[in-house]
Asks: 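Would you mind keeping the following structure in view while I ask a few things?
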Amino acid sequence: SSAWGLEADIRLKWFSAASALPDHDLQRQLGDTPSYDHTVDLRLMFEQRAGTLNFLLDHSTVLLSGDAVALGRDPNSAVDQTVTDDERRWFDLTWDIEDGDHHRSFHRLDRLAVQWQPGDWSFTFGRQAVSWGSGIVFQPLDLFSPFSPTVVDRDYKAGDDLLLADRLLPNGHDLQLLHVVRRDFDGDVDSSVSSTAFKWHGYMGATEFELVAAEHYDERVLGASLRMGLGQALLRADVVATQYESLLRGDREWRVSGILNADVSFMLGPRNAYVFGEYFHNDWGVAELPDNVLQLPPELQVRLQRGELFNLMKDYLAVGGSLEWHPLVTHTVTLISNLHDRSSLLQMQVNYEPGDHQRLQFGWLEPLGASGDEFGGVPVVTLPKPGAQRGSGGEVLTTGGASRFYLRWVYFI
């Protein structure tokens, strides 16, 4: 709706997942299989324009329920990346409503920002989302709350507390200066956990580029992104180099990660079709999984905890595509393969859109790998066998090897 410059929208989302846990899964030892988890999210979105000023406010009321809540875990984290707290953000804008053994409800502000747009300048202060890079599945250049490779709900990226200045140049290029404020583990605002970044976005003929320089968690980051046409396809490449202080040796080292992808849309008979392929090199990853996730390199663990990375090993290939069976029905398939242990993750989804205001999605996520592989079940702990001598081995329990079926329904008002 619109009145006196005010835009108001509402989104209601229901997300449910059923997970078939293998015998070696840690959660299987603590509960039943299949496990069921549900998320209901009512998002109220307001935008008020007043001349060169623009005010944004998005409020979400969220209900989580199911077996993962009972175990103190985030439900549906592989496919539904619902933000549940603001412990590390500048402003704590999350408030609990109530919780029980198998459910929790809370409300939070995911957008709360004011934008001033005088001429070719734009200044933003508050909670807003920022997306950098060109990844389709993997996002090495997106340092700020990136989506995980298998997440389904990408309607709204999580907002960060930031200050952003954007300048549009006469030649069509634009410059961005960004500062993201965070809190440390003690709850104090500290520059050592904040980010300051500069991005230059522009064009060289038919090639689009981005150059990035940042100070991110006291680490130096240099990045570049290129996008160019290749026949009917679009080719993209992201490279990000990070200079960090080794937690084990204390000296400063560089790590270089990146992606190379291409995609193309075409007609397959009377139907719209789309295919893509993407290679990802994760320089923070390992070539072989240890016997326990706690033995992963500390720099990798830090990035997993911060939500910047979602994969443990070095090299991956993702391929996939979609086919429009009917103007209202689209079928998508994605296969993510670990090039070291040969395990894979298959994701299939059917999208049904009966109208402009409604969307229904059915999906299936199937790990293709053995226990001990990244996509078959990452080792978490080894339980000694009853009566066995110390050091003689035992039962290895894992996480992440469940088959998942999910249902997502979204209604916009």
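Only this structure's heavy atoms are used, side chains among them; waters, hydrogens and symmetry mates stay out. Quick caveat: nothing in here was measured; it's all calculated off a predicted structure.
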Asks: With heavy-atom distances below 4.5 Å as the criterion, would you say the side chains of L12 and W409 are in contact?
Replies: yes
Asks: Tell me, yes or no, whether the heavy-atom count around N171 atom CG, taken from other residues, nucleotides or ligands under 6.0 Å, exceeds 12.
Replies: yes
Asks: Does the distance from a Lys or Arg side-chain N to an Asp or Glu carboxylate O, for R271 and E324, drop under 4.0 Å?
Replies: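 A salt bridge is absent here (no side-chain N lies under 4.0 Å from a carboxylate O).
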Asks: Tell me which one of R154, R408, K13 satisfies salt bridge (charged side-chain N to carboxylate O under 4.0 Å, His left out) with D80.
Replies: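 Answer after filtering R154, R408, K13: K13.
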Asks: Could you check whether W14 and Y411 have their ring centres less than 6.0 Å apart?
Replies: no
Asks: For D188, look at atom CG and say whether over 12 heavy atoms of other residues, nucleotides or ligands are found less than 6.0 Å away.
Replies: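 Yes, because the 6.0 Å sphere around CG of D188 holds more than 12 heavy atoms from other groups.
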Asks: Could you tell me whether a side-chain N or O of K157 sits under 3.5 Å from a main-chain N or O of F144, the two making a donor and an acceptor?
Replies: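 Yes.
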Asks: Is D251 atom CG crowded by more than 12 heavy atoms from other residues, nucleotides or ligands, each under 6.0 Å away?
Replies: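 Yes - once you tally the heavy atoms of other residues, nucleotides and ligands closer than 6.0 Å, there are more than 12.
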Asks: Roughly how far, to the nearest 0.5 Å, is CE of M348 from CH2 of W364?
Replies: 6.5 Å
Asks: Just checking W116: does its CH2 atom have more than 12 heavy atoms from other residues, nucleotides or ligands closer to it than 6.0 angstrom?
Replies: no
Asks: Could you state the interatomic distance from CD (Q347) to CG (L365), rounded to the nearest 0.5 Å?
Replies: 5.0 Å
Asks: So, the side chain of R255 versus the backbone of D283: is there a donor-acceptor pair under 3.5 Å, distance only?
Replies: yes
Asks: More than 12 foreign heavy atoms under 6.0 Å from CZ of F123: is that the case here?
Replies: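 Count over threshold, so yes.
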Asks: State whether the number of non-hydrogen atoms from other residues, nucleotides or ligands found under 6.0 Å of R220 atom CZ is greater than 12.
Replies: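 No, CZ of R220 has 12 or fewer neighbouring heavy atoms, counting only those of other groups under 6.0 Å.
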Asks: Does any non-hydrogen side-chain atom of F138 lie less than 4.5 Å from one of D238?
Replies: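 A side-chain contact is absent here, since even the closest heavy-atom pair is not under 4.5 Å.
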Asks: Can you classify the ring geometry of H107 versus H59 as parallel (below 30°), tilted (30 to 60°) or perpendicular (above 60°)?
Replies: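 The arrangement is tilted - the two ring planes meet at 30° to 60°.
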Asks: Supply the atom-to-atom distance T82 OG1 to F106 CZ, rounded to the nearest 0.5 angstrom.
Replies: 7.0 Å
Asks: Does E288 have more than 12 heavy atoms from other residues, nucleotides or ligands lying within 6.0 Å of its CD?
Replies: no
Asks: Do the non-hydrogen side-chain atoms of R11 and V410 ever get within less than 4.5 Å of each other?
Replies: yes
Asks: Could you measure the distance from the CG atom of L211 to the OG atom of S225? Nearest 0.5 Å is fine.
Replies: 9.0 Å
Asks: Kindly determine whether R182 and S195 satisfy side chain to side chain donor-acceptor pair (under 3.5 Å), including the steps that lead there.
Replies: CA-CA 8 Å; R182 303 185 186 90; S195 301; 2.8 Å; yes
Asks: Any ion pair linking D263 and R236 (charged N to carboxylate O, less than 4.0 Å)?
Replies: yes
Asks: Would you check if the side chain of E253 reaches a backbone N or O of S246 as a donor-acceptor pair within less than 3.5 Å?
Replies: no
Asks: For atom NE2 of H331, is the number of surrounding heavy atoms from other residues, nucleotides or ligands below 6.0 Å larger than 12?
Replies: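 More than 12 heavy atoms, drawn from other residues, nucleotides or ligands, come within 6.0 Å of this atom.
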Asks: Can you check whether L56 reaches N54 side chain to side chain, under 4.5 Å on heavy atoms?
Replies: yes
